[in-house]
There are 2 protein chains.
Amino acid sequence: MDIEKQWPRGQRAAFVANFIRDQIVSGELAASTRINERVLTEQLGVSRTPLREAFKILESEGLLTIEPNRGAMVTAISPQEVELAIEVLIALESVAAERACKHATDAQIDEIQALHDEMVGAWKAGALMRYFHINQTIHQKIVDCAANPTLSRLYMAESQRIRRFRYAGNQISDRWARAVYEHEQILDALRHRQGALLREVLRSHHLSGWRTTRAVLEGEIRL
Amino acid sequence: MDIEKQWPRGQRAAFVANFIRDQIVSGELAASTRINERVLTEQLGVSRTPLREAFKILESEGLLTIEPNRGAMVTAISPQEVELAIEVLIALESVAAERACKHATDAQIDEIQALHDEMVGAWKAGALMRYFHINQTIHQKIVDCAANPTLSRLYMAESQRIRRFRYAGNQISDRWARAVYEHEQILDALRHRQGALLREVLRSHHLSGWRTTRAVLEGEIRL
DNA sequence: CGTTGCCACATTGCATGCAATGTGGCTCGG
DNA sequence: CCGAGCCACATTGCATGCAATGTGGCAACG
């Protein structure tokens, strides 16, 4: 990437971390891939110091595993661990649901509605990647409506950590259609500020999404 | 500290991070304190490279804030943010409660019981610091019983992040006595594997703890 | 006397060199 | 032919030097 282009002093580690994080959460860097410092420094045009600082950031986010003297590799996560993480995500979103219905501004809801419309467009256009990305954004925005920075931070970190696994499930077109329908229920509940309902709709949305995804991951469904 | 003593190659950043983290969560390093790299390198006997890597780790844990060209300082947290973080901690412990009642081994419960007995000892001896530390350990162990690594990891990180604030509330002797009583209810619920009950007891335990702590922080109660 | 601009010093950000460790291939003995 | 040991090379861990940026104090000016 951007060899020669120099990022601002004081933010290089952050930019490098973003770059690697994108590659990991998008699945471009497969699990257990070893990362070579020299290669990356040449790709990114920064020295090893900010690079290694980025490694430490990503390690504490759970995306990289660093073995002393052997370097960094993309953390491997089992479907079992993903399932447990989703349980945590559901808990976080449950708290968010009730709070979001209390604290969301109309502008925030409109923004989510706009994202939803855009997502439906991506669905109809068959743009899976775009759909998936907007989907994630919508969930994050709902959590952000809860006006709880800790909640937003943990939700973002954890959903990114398992993102590469969840992508699989959306490739099933039945699931895709159903998810769009569920999202409409979610928006309704939010718009009518029915916290308990939103919580339950979100919960079953995630559970049914995970059932599909797990089936795909375990090879029970051929694409 | 340990000038001259050299930590093993490959773990220095981690050890430095632990060292600083202890100082922050224990309150020895006050909020907004600027941290000077040169001073720390001399105290710890490591060079600036692992030190700066440790800074990045602690920054992503939310304990340090790094301003470019101005260095690291202990992140300031408002009581408002602490309250919001506690709401998240309660959500995490709620998930943990149900799961812990299903997955806890008898040995784990015995271990928690032993910690509880030790904590009562510290209480009777008036050893506040020791009491507080065991208290935190008990809650972490309960979460660990849930056998969900993500849950354990997030719970630990977040409880450490706000630890320095919660200490204040325990200095009220009424609260201290009540907390011990509540902990007995918690252990009972866990031992009888009553998940829903455990969840509710934990929830009200944290809420009443926070009410006291907030009052102390806001200066409504003189020590 | 207060304010502004400037300069020297302190501190951080990053690149790089060196030492330590890991790794793959080769030799040599069985 | 196979395996163990060894050696050269690749890679990482850390220390340190240099450049960029921030900061506090002093001087000059109003």
Side-chain angles (χ1 to χ4, degrees), chain A residues 1-21 23-24 29-61 63-76, chain B residues 1-21 23-24 29-61 63-76:
Chain A
M1 193 214 187
D2 305 312
I3 308 185
E4 300 310 310
K5 176 178 178 185
Q6 287 299 340
W7 292 306
R9 174 190 169 90
Q11 301 188 29
R12 279 177 223 190
F15 280 122
V16 171
N18 288 341
F19 176 77
I20 304 174
R21 190 187 298 111
Q23 306 243 336
I24 296 176
L29 270 174
S32 302
T33 307
R34 287 272 294 277
I35 298 181
N36 182 297
E37 293 182 2
R38 187 182 50 76
V39 172
L40 253 188
T41 56
E42 286 168 9
Q43 274 189 353
L44 300 178
V46 301
S47 78
R48 292 174 56 215
T49 304
L51 188 75
R52 291 174 53 80
E53 290 176 353
F55 283 0
K56 293 295 183 185
I57 295 170
L58 295 168
E59 183 186 32
S60 72
E61 290 176 10
L63 291 170
L64 287 184
T65 303
I66 301 178
E67 295 173 88
N69 296 316
R70 304 196 54 236
M73 50 186 279
V74 180
T75 304
Chain B
M1 196 216 183
D2 306 310
I3 308 184
E4 302 307 312
K5 174 177 179 185
Q6 285 301 338
W7 292 307
R9 172 191 170 90
Q11 301 189 28
R12 280 179 221 189
F15 281 120
V16 171
N18 288 340
F19 177 78
I20 305 174
R21 188 185 301 110
Q23 306 242 338
I24 295 176
L29 270 174
S32 302
T33 306
R34 285 274 292 277
I35 297 182
N36 182 297
E37 293 182 1
R38 188 182 49 76
V39 173
L40 252 188
T41 57
E42 285 168 9
Q43 274 188 353
L44 299 177
V46 300
S47 79
R48 291 174 56 215
T49 303
L51 188 76
R52 290 174 53 81
E53 291 176 353
F55 283 0
K56 295 293 184 186
I57 295 170
L58 296 169
E59 183 185 33
S60 72
E61 290 177 8
L63 290 170
L64 287 184
T65 302
I66 301 178
E67 294 173 88
N69 296 315
R70 305 195 54 237
M73 51 185 281
V74 180
T75 304

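Naming convention: chains lettered A, B, ... in sequence-line order (proteins, then strands); numbering from 1 in each chain.
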Nearest listed nucleotide, side chain of A:Arg52, among C:dT11, C:dC14, D:dG13: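 Per side-chain heavy atoms of A:Arg52, the pick is D:dG13.
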Minimum-distance nucleotide to A:Arg9 side chain [options: D:dT12, C:dT12, D:dA15]: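 So the nucleotide nearest the side chain must be C:dT12.
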Nucleotide [N], atom [atom2] - distance to [atom1] of [X] in whole Å:
{"X": "A:Ile66", "N": "D:dT11", "atom1": "CD1", "atom2": "P", "answer": "17 Å"}
{"X": "B:Glu53", "N": "C:dC14", "atom1": "CD", "atom2": "C1'", "answer": "13 Å"}
{"X": "A:Leu51", "N": "D:dT11", "atom1": "CG", "atom2": "P", "answer": "14 Å"}
{"X": "A:Arg34", "N": "D:dT11", "atom1": "CZ", "atom2": "C1'", "answer": "9 Å"}
{"X": "A:Asn36", "N": "D:dG13", "atom1": "CG", "atom2": "C1'", "answer": "15 Å"}
{"X": "B:Arg12", "N": "D:dA15", "atom1": "CZ", "atom2": "C1'", "answer": "9 Å"}
{"X": "A:Glu37", "N": "C:dT21", "atom1": "CD", "atom2": "P", "answer": "16 Å"}
{"X": "B:Leu40", "N": "C:dA10", "atom1": "CG", "atom2": "P", "answer": "19 Å"}

Upstream residue (5' side of DNA chain C) when A:Asn69 and B:Ala72 are each assigned their closest nucleotide: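 Looking at the nearest nucleotide for each, B:Ala72 comes out on the 5' side.
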Nearest-nucleotide comparison on DNA chain C, the residue closer to the 5′ end among A:Pro68 and A:Thr49: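 The residue mapped nearer the 5' terminus is A:Thr49.
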Flag, side chain of A:Arg34 to backbone of A:Arg70, donor-acceptor distance under 3.5 Å: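 A pair under 3.5 Å: yes.
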Any B:Ser47 side-chain nitrogen or oxygen under 4.0 Å from OP1 or OP2 of D:dA15: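 Checking B:Ser47 against D:dA15: at least one side-chain N or O falls below 4.0 Å of OP1 or OP2.
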Inter-residue atom distance A:Arg48.CZ - A:Phe55.CZ, 0.5 Å rounding: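 One finds 9.5 Å between CZ of A:Arg48 and CZ of A:Phe55.
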From A:Gln11 atom CD to B:Ile66 atom CD1, the distance as rounded to the nearest 0.5 Å: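 These two atoms lie 12.0 Å from each other.
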Closest approach of A:Met73 to A:Ser32 (non-hydrogen atoms, all atoms of both residues):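 Closest approach of A:Met73 to A:Ser32, heavy atoms only: CE-CA, 3.6 Å.
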Closest non-hydrogen atom pair between A:Arg12 and A:Trp7, with its separation: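 Between these two residues, the closest heavy atoms are NE-O, 3.3 Å.
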Touch class at under 4.0 angstrom, heavy-atom based, for A:Arg38 against every strand present: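 Since only primed, P, OP1 and OP2 atoms lie under 4.0 Å of A:Arg38, the category is sugar-phosphate.
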B:Arg70 (side chain) and C:dG13 (base): donor-acceptor pair under 3.5 Å: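 Answer is no: no donor-acceptor pair is held.
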